[in-house]
Amino acid sequence: SPFLDLAVKGKYQLSKIATALTNSIATYYNTNPNSKKIAVKNQQFDFALNVKDNPILLKVIPELKSLEPITITGRYNSVNDSIVLNGAIPKLIYGANTITNAALKLNTQDKALLYSFVVDDIQNNQIQLPQTSLTGKIENNLVDYILQLKDATDVERYLIDGTLQAVNGNNEFRLGLDKLVLNYESWKIAQDNLIRFGDKGIFIDNFELSKQGSTINIQSESDKLNAPITIDFTDFDINTVTSFVEKKDLQLSGKINGNATVKNISISPLFTSDLNIKDFTFKKDTVGNVSIKVDNAIANQYDAQVAITG
């Protein structure tokens with residue numbers, strides 16, 4: 001077509017590719033090991049996809065303002081569950097969003113699936129993510145991950161690593177203990193931190209981040225799935241989280257103290273909070289001290305009291 005080139009070579013059936021890929025991915029990460037695989041014939045192919053900048057494409061997708069040619073190549077073989085994918089987006093402008101130099105790589109090596117996503121810049125009017133990378137491997141129902149963000153001067157702003165593991169039909173997410181960097185500062189994470197989630201619900205345990213008296217602690221109130229979840233804040237600066245994506249001229253800051261609780265998670269979540277934000281700042285202007293009390297004990301009914309002093 002005028003804006004799309006696709007070449008596929010190999011032995012495959014279009015109707016069987018999705019099933020074969022699902023089976024292959026399950027050899028690396030399988031959240032339901034008791035389910036039987038659907039047998040399909042061997043699928044093997046190489047492909048190359050190119051999306052070109054063309055006026056017709058811009059008319060078909062009005063929000064697409066500009067793009068430099070996008071290339072995606074790869075190969076797949078269901079016999080040895082080999083998956084290779086290389087994608088590149090030099091620059092794409094969609095509405096107010098701009099993506100610059102994004103690259104995705106998947107490769108099979110030593111019975112593991114290695115992955116890498118790197119992007120020079122993602123931004124719109126509110127957020128900016130410069131020099132972001134997510135890398136790791138998937139093997140034996142375990143995902144290793146390293147998320148790193150650098151600023152425009154190549155200084156590390158965020159470094160988050162850990163694992164995601166498939167266990168008994170659930171997913172168990174953990175943060176690594178070696179190094180955790182949030183907004184340029186080193187933080188500690190509690191040992192045995194855990195977020196377990198799956199089809200039947202969520203459970204959070206020992207998910208506490210701390211730094212020199214500043215803490216945020218997220219904890220399920222019992223061992224049962226979907227038990228109420230409490231979030232406790234002690235001198236926790238909003239900027240620690242919001243600076244992850246926000247632009248400098250839209251920065252939020254202020255230290256939070258208090259707690260929030262989420263109940264009835266599996267049906268219709270109910271939210272209550274009693275929070276105080278000291279020296280709340282927006283766009284570098286100090287708003288004051290903010291008190292936020294929310295009572296959502298009844299579904300779809302929010303009773304909120306917000307007060308600003310100072």
Side-chain angles (χ1 to χ4, degrees), residues 126-136 143-165 172-197 202-221 228-262 271-294 310:
Q126 288 78 39
I127 70 169
Q128 183 172 18
L129 278 170
Q131 301 194 64
T132 301
S133 67
L134 177 64
T135 59
V143 180
D144 295 325
Y145 64 86
I146 300 175
L147 175 63
Q148 184 184 55
L149 281 76
K150 293 183 178 181
D151 63 20
T153 62
D154 206 38
V155 177
E156 188 175 72
R157 297 172 55 230
Y158 287 85
L159 180 65
I160 303 169
D161 72 344
T163 60
L164 178 68
Q165 186 172 15
E172 296 190 348
F173 174 86
R174 290 180 171 85
L175 291 179
L177 304 178
D178 294 335
K179 188 177 183 182
L180 176 64
V181 177
L182 304 176
N183 198 23
Y184 299 101
E185 298 179 321
S186 295
W187 284 70
K188 294 181 179 179
I189 180 71
Q191 290 190 358
D192 300 325
N193 67 88
L194 170 67
I195 299 178
R196 178 183 295 126
F197 60 93
I202 185 170
F203 168 73
I204 302 177
D205 191 32
N206 291 325
F207 208 84
E208 182 180 49
L209 283 69
S210 61
K211 176 190 70 69
Q212 299 174 352
S214 175
T215 64
I216 177 172
N217 183 30
I218 308 175
Q219 178 70 52
S220 293
E221 293 184 358
I229 296 172
T230 299
I231 308 170
D232 292 307
F233 299 92
T234 303
D235 288 336
F236 185 80
D237 197 328
I238 300 172
N239 190 246
T240 301
V241 176
T242 58
S243 66
F244 189 92
V245 294
E246 72 186 358
K247 288 189 171 181
K248 288 185 178 180
D249 57 350
L250 294 175
Q251 284 185 346
L252 300 172
S253 65
K255 292 190 175 181
I256 306 178
N257 286 278
N259 60 76
T261 302
V262 184
F271 176 80
T272 59
S273 71
D274 185 357
L275 301 171
N276 293 284
I277 307 175
K278 184 179 179 182
D279 297 328
F280 177 65
T281 301
F282 178 60
K283 292 186 176 181
K284 299 182 180 179
D285 293 327
T286 300
V287 176
N289 300 322
V290 181
S291 172
I292 304 173
K293 295 183 179 181
V294 178

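Any value given below was found using the heavy atoms of this structure, including those in side chains, with hydrogens, waters and symmetry copies removed.
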4.5 Å side-chain heavy-atom contact, L149 and L129: yes

With sequence neighbours excluded, tell me which residues meet ring pair (Phe, Tyr, Trp, His ring centres under 6.0 Å) with F280. none

Ignoring hydrogens and geometry beyond distance, is a side-chain donor-acceptor pair present between Y158 and T132 at under 3.5 Å? no

One pair to check against side-chain contact (heavy atoms from CB on, under 4.5 Å): L275 and V294. What are the steps and the verdict? CA-CA 9 Å; L275 301 171; V294 178; over 6 Å; no

What heavy-atom pair brings Q191 and N206 nearest, and what distance separates the two atoms? O-CB, 3.8 Å

To the closest 0.5 Å, what do you measure between NZ (K293) and CG (N276)? 7.5 Å

Give the C-alpha distance, both sets of side-chain angles, the deciding distance and a yes or no for side-chain contact (heavy atoms from CB on, under 4.5 Å) between V287 and I277. CA-CA 10 Å; V287 176; I277 307 175; over 6 Å; no

Interatomic distance, S220 atom OG to I204 atom CD1 [nearest 0.5 angstrom]: 5.0 Å

The criterion is ring pair (Phe, Tyr, Trp, His ring centres under 6.0 Å); which residues satisfy it with F207, sequence neighbours excluded? none

Report yes if some heavy atom in the side chain of D205 is under 4.5 Å from a heavy atom in the side chain of Q219; otherwise report no. yes

Tell me, do T215 and D232 make a side-chain contact under 4.5 Å, heavy atoms counted? no

Do D161 and K179 touch side chain to side chain, with heavy atoms closer than 4.5 Å? no

Under a 3.5 Å threshold, yes or no: a donor from one side chain and an acceptor from the other, between N259 and D274? no

Note, F236 side chain near V241 side chain (heavy atom, < 4.5 Å): yes

Ignoring hydrogens and geometry beyond distance, is a side-chain donor-acceptor pair present between T153 and D151 at under 3.5 Å? yes

Do W187 and S214 come close enough that some side-chain heavy atom pair is under 4.5 Å? yes

Nearest heavy-atom pair of P130 and R157: which atoms, and what distance? CD-NH1, 4.2 Å

Could you tell me if the side chain of I218 sits less than 4.5 Å from the side chain of I229, heavy atoms only? yes

Neighbour count above 12 (heavy atom, 6.0 Å) for K211 NZ: yes

Hey, does L180 have a side-chain heavy atom less than 4.5 Å from the side chain of I160? yes

Straight-line distance of T281 OG1 to I238 CD1, nearest 0.5 Å: 9.0 Å

Would you name the heavy atoms of L134 and Y145 that are closest together and state the gap between them? CD1-CB, 4.2 Å

Exercise: identify the closest heavy-atom pair between E156 and K150: CA-CG, 4.1 Å

Return the OG1 to CG distance between T240 and L209, rounded to the nearest 0.5 Å. 9.5 Å

Shortest non-hydrogen pair, R196 vs E172, comes out as NE-OE2, 2.9 Å

Is the side chain of N239 donor-acceptor paired with the backbone N or O of L252 at a distance under 3.5 Å, no angle test? yes

Can you measure from CG (D235) to OG (S210) and round to the nearest 0.5 angstrom? 13.0 Å

What's the separation between atom CD1 in I216 and atom CG in D237, rounded to the nearest 0.5 Å? 12.0 Å

Please lay out, stage by stage, how K278 and N257 fare under the test side-chain contact (heavy atoms from CB on, under 4.5 Å). CA-CA 8 Å; K278 184 179 179 182; N257 286 278; 5.6 Å; no

With sequence neighbours left out, the residues meeting side chain to side chain contact (heavy atoms under 4.5 Å, CB included) with D279 are N289

Evaluation steps, side-chain contact (heavy atoms from CB on, under 4.5 Å), between T261 and E221: CA-CA 10 Å; T261 302; E221 293 184 358; 3.9 Å; yes

